[in-house]
Amino acid sequence: MFMKKKKTGTPLEASEKVMIVISYIIMSILALCAILPILHVLSKSFSSASAVTSGSVLFWPVDIQFETMKYVLKETTFLHSLKNTIIVTVLGTIISMVVTITTAYPLSKPSFKGRKVFIMLYIISMVFFGGIIPAYMVVRTLGIIDTFAALILPFFIVHFNMFIVKNYFEGLPESIEESAKIDGASDTRILISIVCPMSTPVLATVAMLYAVNYWNNYFHAVMYTNSTEMQTLQLFTYNTISNTQTIVERLVAGNYSNVSIDGIVSAVVVLSLIPIVALYPLVQRYMVQGITIGSVKG
C-alpha cells in the first residue's frame with residue numbers, strides 16, 4: 001500500500017514542478033515585455049543626439065549625456081506643467097476620496113431609506129453617459145473653463161471605485177459600530193475613527209486608482225483648458241511630440257547640438273513617470289487585497 005501511494009504521488013509532483021517552471025518562464029517573458037520598452041526610453045533620454053538619430057540606442061545609453069534632461073527642465077514649461085498636474089492629482093484625489101467614502105458608507109447600510117433607488121441611479125449613470133457635448137456645456141455653464149475645477153469636478157467620482165468601497169464596508173462587522181453607538185458615537189465619528197481605519201487596504205487602493213486617473217488624464221485637459229498656464233503634464237507631452245519643428249528651431253537657436261527630438265520626448269516620458277512610480281510601492285501591498293475583498297460581494 002505504501003509503495004503504491006509513493007508511485008501515484010510522484011507524477012503529480014513532477015507535473016506541479018513543470019507547471020511552476022512554465023509559470024516562471026511566462027512571467028519572465030511578460031516582465032521583459034514591460035521592462036525593455038522602459039529601458040529603451042530611459043536609454044534614449046541619456047544618449048547623445050547622434051546615437052539616438054542613428055538608431056544605435058537599445059537598452060543602454062550610448063555616449064551618456066545630461067543635456068537633454070537639462071533642456072527639458074530649464075528650457076521648457078515642463079516644471080510648470082508638472083506643478084499643475086500635481087495640484088490636480090492631489091486635490092482631485094482628496095475630493096474624490098471624500099465624496100466616494102461619504103457616498104459608499106450610507107449605501108452600504110441596508111437600513112438606509114431609498115438605498116436601492118440610489119444604487120440603481122448610480123448603475124444607470126455608470127452604464128449610460130450623456131456625451132461629450134453635454135458634459136462640455138455643463139462645465140462651460142458653471143463658468144469653470146480653464147480652471148483647476150474643470151480638471152477635477154467632472155472626474156470627482158468613479159462609480160466602479162465607489163462600489164468597491166461600498167462592498168468593502170458591507171463586509172465590516174456590524175457589532176463594532178453598534179458598540180460605538182452605544183458609547184454615544186455619532187455616524188460621522190464612527191466613519192472617521194472606526195470604519196476608515198479598518199478599511200485601509202481598500203481606501204489605499206482606490207486612492208491610488210484615483211491618483212493614476214488624474215495623473216494620466218489627457219482628455220479633460222484638451223477639452224476644458226485653453227491657456228498654457230493651465231497646461232497639464234499629459235498635454236505638455238502631446239504638444240512636445242506634435243510640435244517637433246518648433247523644438248528643432250529652439251535647439252538650433254540655443255546651440256543644443258547634442259540634444260535630439262526623440263531624446264527630448266523620451267526625457268519627458270521618463271520624468272513624467274517618476275512621481276507616480278515612486279508612489280506605487282507605498283500602496284502596492286494594499287492593492288491586491290483591497291480589490292479582491294472589495295469586489296467579492298455583489
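What's counted below: heavy atoms across the whole structure, side chains too, no hydrogens, waters or symmetry copies. None of these values were measured; they are calculated from a predicted model. Position 1 is the first residue of the sequence, and the numbers go up from there.
- Using a 4.5 Å cut-off on side-chain heavy atoms (C-beta onward), I87 and K83 make contact.
- Both F219 and I144 are part of a single hydrophobic cluster, where members link through side-chain heavy atoms under 4.5 Å apart.
- Looking at every heavy atom in both residues, Q65 comes nearest to T68 through NE2-OG1, 3.0 Å.
- At least one side-chain heavy atom of T103 sits less than 4.5 Å from a side-chain heavy atom of I157.
- Taking every heavy atom of both residues into account, Y210 and M97 meet most closely at CD1-SD, 3.9 Å.
- C196 is listed as a side-chain neighbour of L203, based on a closest heavy-atom distance under 4.5 Å.
- Dense packing is recorded around CZ of R115, with more than 12 heavy atoms of other residues, nucleotides or ligands lying under 6.0 Å away.
- Cluster membership for I38 and L58, using ILVMFWY side-chain heavy atoms within less than 4.5 angstrom, is not shared.
- Both V202 and F160 are members of a single hydrophobic cluster when ILVMFWY side chains are connected at heavy-atom separations under 4.5 Å.
- In terms of modelled atom types and a separation under 3.5 Å, the side chain of H220 and the main chain of I152 share no donor-acceptor contact.
- When each of M162, K116, E170 is paired with L107, the side-chain contact (heavy atoms from CB on, under 4.5 Å) condition holds for M162 and for no other.
- Without hydrogens or angle criteria, Y214 side chain to L151 main chain gives no donor-acceptor distance under 3.5 Å.
- In this structure a side-chain-to-backbone donor-acceptor pair under 3.5 Å is missing from T93 to V90.
- Hydrophobic cluster membership is shared by L82 and L273, with clusters built from Ile, Leu, Val, Met, Phe, Trp and Tyr side chains linked at under 4.5 angstrom.
- Closest of all the heavy-atom pairs between S199 and V195 is OG-O, 2.8 Å.
- Aromatic ring orientation, Y136 versus Y224: parallel (interplanar angle below 30°, classes split at 30° and 60°).
- Proximity of V268 to S272: side-chain heavy atoms (C-beta onward) are separated by under 4.5 Å at one or more points.
- Within the 3.5 Å criterion, the main-chain N or O of N226 finds a donor-acceptor partner in the side chain of D146.
- Counting heavy-atom neighbours within 6.0 Å of F59 CZ, excluding the residue itself, gives a total above 12.
- Heavy-atom contacts from other residues, nucleotides or ligands closer than 6.0 Å to OH of Y238 number 12 or fewer.
- Between the side chain of W215 and the main chain of L233, no donor-acceptor pair closer than 3.5 Å is present.
- Between C33 and P37 the shortest heavy-atom distance is O-CD, 3.1 Å.
- Between the side chain of N217 and the backbone N or O of N213, no donor-acceptor pair lies under 3.5 Å.
- The 12-atom threshold is exceeded at CG of L30, counting heavy atoms of other residues, nucleotides or ligands nearer than 6.0 Å.
- Follow the hydrophobic side-chain contacts under 4.5 Å out from Y105 and you reach F118 in the same cluster.
- The two residues V99 and T102 have their closest heavy-atom pair at O-OG1, 3.2 Å.
- Of all heavy-atom pairs spanning N239 and Q231, the tightest one is ND2-OE1, 2.6 Å.
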